[in-house]
Amino acid sequence: MLLLVSGFSTLFTAALGYRSGQINLTNRVFNQLISVRASKAYQIESYFRNIQNHTQTLSEDLSIVAAIEEFDAAFQQLEKTPQPAAATQTLEGYYRREFLPRLDKYHAGTPNLPAYLASDPATRHLQYNYIAANPNPVGKKQQLVAAKDGSTYSKVHGRYHPIFRNIVSRFGYYDMFLINPKGQIVYTVFKETDYATNLENGPYKDSNLAQLVREVVASKEKGFTQLVDFAAYAPSYGTPAAFIAAPIYDGPKLVGVLAFQMPVNEINNVMTGNQDWKQDGLGQSGETILVGNDTLMRSASRFFLEDPKAYLAQLESRGFKKDAIERLSQYDTTILQQPVATPAVTKAIAGGSGTLRVVDYRGVPVLSSYAPLQIDGLHWVILSQMDLAEAYAPIHAFQRQILITATLLILVVTLLAMALAHLFVKPVQQLIDSARKVSSGELASIPDLNATDEFGELAQSFNAMVRSLQTQTALVDQTNQENERLLFSVFPSAIARRLQRGETQIAEEVTNVAVLFADLKGFSRLVSSLSAHESLAILNDLVASFDDLAARFGLEKVKTIGDSYLAVCGLSVPYLDHDKRAIDCAIEMHGILRRFNLERGFQLGIQIGIHSGDIVAGIVGKSRVVYDVWGETVKLAHSLSQACPAGAVYVSEVVHHRLEDLYPFERTAAAIEAQESPPAWRLTGATVPAAGEALAKP
């Protein structure tokens, strides 16, 4: 009765205190979030006003007016300049090697050369001289001050480019554009593939920059500035881009448009406080973010910036679509990728402001403060929020303290009543505790009882049993470890684990893999002149080198049959570029064998066949099992290796079709066993010796 009355009174008082503290703490956190939100809103609105004022001021600067007129006139002269065939080939090669693969990687558009490469002479001339023939790498093309083509344009470029490059660098812009009234980009600082293109009829006529330029030209108003919201921008490889632009007038005449590509990093720095959220009073989980009227983010998520892998894993666990998660990972930003469709965003888009307790875009309960932003041309809202768990951490600590105190009081009263009984049952309790630990696997638990009575005899018997179990357990563990090491050395890790689980019949169909079959030539002749130990040592050295090489390129060795070597890429771990990895591995195998011959004075050659497709893999045998792969793909790879001469790499039509843009091949009429003369292709180039070269005397 005493425990019941005292416990009820304590818990009732604690509940009242907890409720009052929760209400007060919620109000305090909401006030803090409102303050942070208002501060960030003022900073971001001021930032955009400064950019608008800066853009408008520069558009009225006489040097900008003179620059657009000179660039435009020089550009028109280049329309009559013929483009040499070699320059055209170089430019097209740049698009194929640099631009289109990057564009395809980020899924920003269809990698189709005619869709992105302009055809007019002036554009091609400038893109060749300032992009394709520019010695600086991608991302640093702006370091070239003037091309050595002797054109008037390059003289104008050399005079203005250092000034405009400083403007972009010092004010933190991503890029700067000078555009004539017909939509022709006559100058950019950064020299991406939008340079010298036409926004009216060129490859980027549907971009948000083209839309912005049309609005500015149509305004016919001096002092006019306009912003356009973020959208995927193909010249920047599909990353989100926003722009600001203003018209350039020479007296009453519109001579062009000045545009800047907005710096995403600067916006993120404002919203994240240079990623110092704690300094802004947002603790461990607070953040401020910008959201557009399409409910997509316009600034980066704190949680993505702090730990991208954990963030993507959390989205995956919540059932986000796989392609959306892949885009987040590829673009490395949540801008235009992460939806924030919470009630707070809905109210802010409708023009409201306030505070709510909602479940945020991560599926986590948060306290959120919301409001619309006042930025001309952009319909954005701002959120300031903090995880509910962190906001309520003090009240939860208070709750724990009350519960612990009440529990301790009750325990003290209870322990006083049980003190005498505890003295009598203490030895038995020690044995019970030790027995429980032993039953849970803690074999190191041996009770220390020095009594000479029946409890002492029981403790000695128990300790003897525990020591016996310890000895047997150690022997079993040692045997298991040895068996496991042997199993994992013979079979792939995934198959070894399945064998450990007791599976005996293991067979599976594996799709989309690359099979590499290599056959040493000349080894049989070498073996005839060596002892068994010497030939084994040579073969072991070569196979070990091939094994290291296969592991480096992600291939798994399946087996060696004498001087033949079989490896598969994509067997346990799937790869999108399994064909390329197999080709690169084959090239390196030639290099290893070439060095091996030079070091030891041998005349060994190697012939390699590569095919891509589906295979069947599994355990074969009963008393002596092996892991093997089979199927038409393996058969064709083996046939290719047998059909090609020593020193050659033959690939199937499938592999050639996928990699013909990356490697040089020549078609070969190879007689392939059990096939109806399918096309075979021989890898050519400096990295692969000509047929028979590997057998030549070093």
Side-chain angles (χ1 to χ4, degrees), residues 492 507-521 543 546 549-550 553-590 593 605-618 620 626-685 687-689 691-692 694:
E508 57 185 353
E509 295 183 1
V510 186
T511 61
N512 207 18
V513 301
V515 177
L516 182 149
F517 207 105
D519 194 13
L520 283 175
K521 305 305 293 182
V543 171
F546 291 167
L549 184 63
F553 285 98
L555 278 74
E556 299 176 59
K557 183 185 78 174
V558 176
K559 62 182 177 181
T560 58
I561 307 172
D563 51 8
S564 297
Y565 188 90
L566 174 60
V568 180
C569 183
L571 183 58
S572 299
V573 179
Y575 292 99
L576 294 177
D577 59 343
H578 55 274
D579 303 296
K580 183 179 184 302
R581 288 171 177 267
I583 289 287
D584 292 341
C585 182
I587 294 173
E588 290 293 328
M589 289 174 76
H590 276 285
L593 189 62
I606 190 170
Q607 35 188 84
I608 301 175
I610 299 174
H611 182 42
S612 178
D614 303 337
I615 63 172
V616 180
V620 181
V626 294
Y627 182 71
D628 204 353
V629 296
W630 60 90
E632 289 299 325
T633 302
V634 179
K635 186 175 181 181
L636 181 55
H638 176 259
S639 299
L640 285 170
S641 71
Q642 298 302 309
C644 68
V649 177
Y650 274 20
V651 303
S652 64
E653 177 68 17
V654 175
V655 178
H656 166 261
H657 179 69
R658 293 176 181 169
L659 302 178
E660 59 181 330
D661 291 338
L662 299 179
Y663 300 94
F665 294 96
E666 65 177 8
R667 188 176 181 122
T668 304
I672 299 176
E673 181 183 356
Q675 300 289 332
E676 297 179 0
S677 298
W681 297 84
R682 178 178 174 272
L683 180 68
T684 61
T687 56
V688 179

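Looking at every heavy atom in both residues, L516 comes nearest to A582 through CD1-O, 3.6 Å. Among all heavy-atom pairs drawn from F517 and A637, the shortest one is CB-O, 3.8 Å. Smallest separation of non-hydrogen atoms from G605 and L593: C-CD2, 3.4 Å.
For S652, the side-chain contact (heavy atoms from CB on, under 4.5 Å) partners are H611, L636, L640, V654, V655, not counting sequence neighbours. Residues forming a side-chain hydrogen bond (donor to acceptor under 3.5 Å, both in side chains) with Q642 (at least two apart in sequence, or on another chain): D519. Qualifying salt bridge (Lys or Arg N to Asp or Glu O under 4.0 Å) partners for E508, counting only residues two or more places apart in sequence or in other chains: R498. A567 pairs by the side-chain contact (heavy atoms from CB on, under 4.5 Å) definition with L555, Y565, not counting sequence neighbours. In this view, R658 and H578, D579, S612 satisfy the side-chain hydrogen bond (donor to acceptor under 3.5 Å, both in side chains) rule, not counting sequence neighbours. Residues passing the salt bridge (Lys or Arg N to Asp or Glu O under 4.0 Å) test with E509: none are found, sequence neighbours excluded. Looking at residues two or more places apart in sequence or on another chain, you find a ring-ring contact (aromatic ring centres under 6.0 Å, His included) between F665 and H656. A search for side-chain hydrogen bond (donor to acceptor under 3.5 Å, both in side chains) contacts involving Y575 returns nothing, not counting sequence neighbours. Under the salt bridge (Lys or Arg N to Asp or Glu O under 4.0 Å) criterion, D577 pairs with R581, not counting sequence neighbours. With sequence neighbours excluded, the residues forming a side-chain hydrogen bond (donor to acceptor under 3.5 Å, both in side chains) with E653 are W681, listed by chain and number.
Note that the CD1 atom of I610 and the SG atom of C569 stand 10.0 Å from one another [nearest 0.5 Å]. With rounding to the nearest 0.5 Å, the separation of CE in M589 from CD1 in I608 is 4.5 Å.
Checking side-chain atoms of E556 against main-chain N and O of S572 turns up a donor-acceptor pair under 3.5 Å.
Under the 4.5 Å side-chain criterion, counting only non-hydrogen atoms from C-beta, C644 is not in contact with R682. Using a 4.5 Å heavy-atom cutoff, the side chains of K635 and H638 are not in contact. A 4.5 Å side-chain heavy-atom check between I583 and F553 finds every atom pair outside the cut-off. The closest side-chain heavy-atom distance from W630 to V620 is below 4.5 Å. Looking at heavy atoms from C-beta onward, L571 lies in side-chain contact with Y627 at the 4.5 angstrom threshold. Looking at heavy atoms from C-beta onward, Y650 lies out of side-chain contact with Q607 at the 4.5 angstrom threshold.
Of the candidates I606, I587, L683, L683 is the only one forming a side-chain contact (heavy atoms from CB on, under 4.5 Å) with V649.
Residue pairs meeting the salt bridge (Lys or Arg N to Asp or Glu O under 4.0 Å) criterion with at least one member in residues 559-571, sequence neighbours excluded, are K559-D628.
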